[in-house]
Amino acid sequence: MEAIYIIVIAVFVLIVTLAAILHRYKRCPSDKILVIYGKTGKNKNGGISSAKCIHGGAAFIWPVFQSYAFLDLKPISI
């Protein structure tokens with residue numbers, strides 16, 4: 001009987017972990033740019049990059065180290 005409880009708890013932890021990972025995976029629509037800021041790694045010159053822009057793709061956002069925002073590409077009508 002105790003083995004069933006352990007299996008149920010393990011399955012619950014696995015589902016919660018998978019849901020948390022999928023929640024932090026962000027897709028970018030075609031009319032926007034996904035701007036990831038925070039600790040994004042190094043740029044082409046070897047320096048530290050403060051932001052990464054993604055257009056028409058997806059990325060995983062690290063919960064504590066990074067954040068994101070969408071930049072709209074729709075033209076403004078005057």
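These values consider heavy atoms only, across backbone and side chains, with no hydrogens, waters or symmetry-generated copies.
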Distance from [X] atom [atom1] to [Y] atom [atom2], nearest 0.5 Å?
X	Y	atom1	atom2	result
Y68	K52	OH	NZ	15.0 Å
L34	R27	CG	CZ	12.0 Å
F70	K32	CZ	NZ	7.0 Å
I4	I9	CD1	CD1	12.0 Å

Quickly, which of I33, I36, T40 forms a side chain to side chain contact (heavy atoms under 4.5 Å, CB included) with C53? Name it, please. I33

State yes or no: do I7 and I15 share one hydrophobic cluster built from I, L, V, M, F, W and Y residues joined by side-chain heavy-atom distances below 4.5 Å, directly or via other members? yes

Do F60 and F65 land in one hydrophobic cluster if side-chain heavy atoms of ILVMFWY residues count as linked below 4.5 Å? yes

Shortest non-hydrogen contact from R24 to Q66? NH2-O, 4.1 Å

If you count the non-hydrogen atoms of other residues, nucleotides and ligands that lie under 6.0 Å from CG in L18, is the total more than 12? yes

With heavy-atom distances below 4.5 Å as the criterion, would you say the side chains of H55 and L73 are in contact? yes

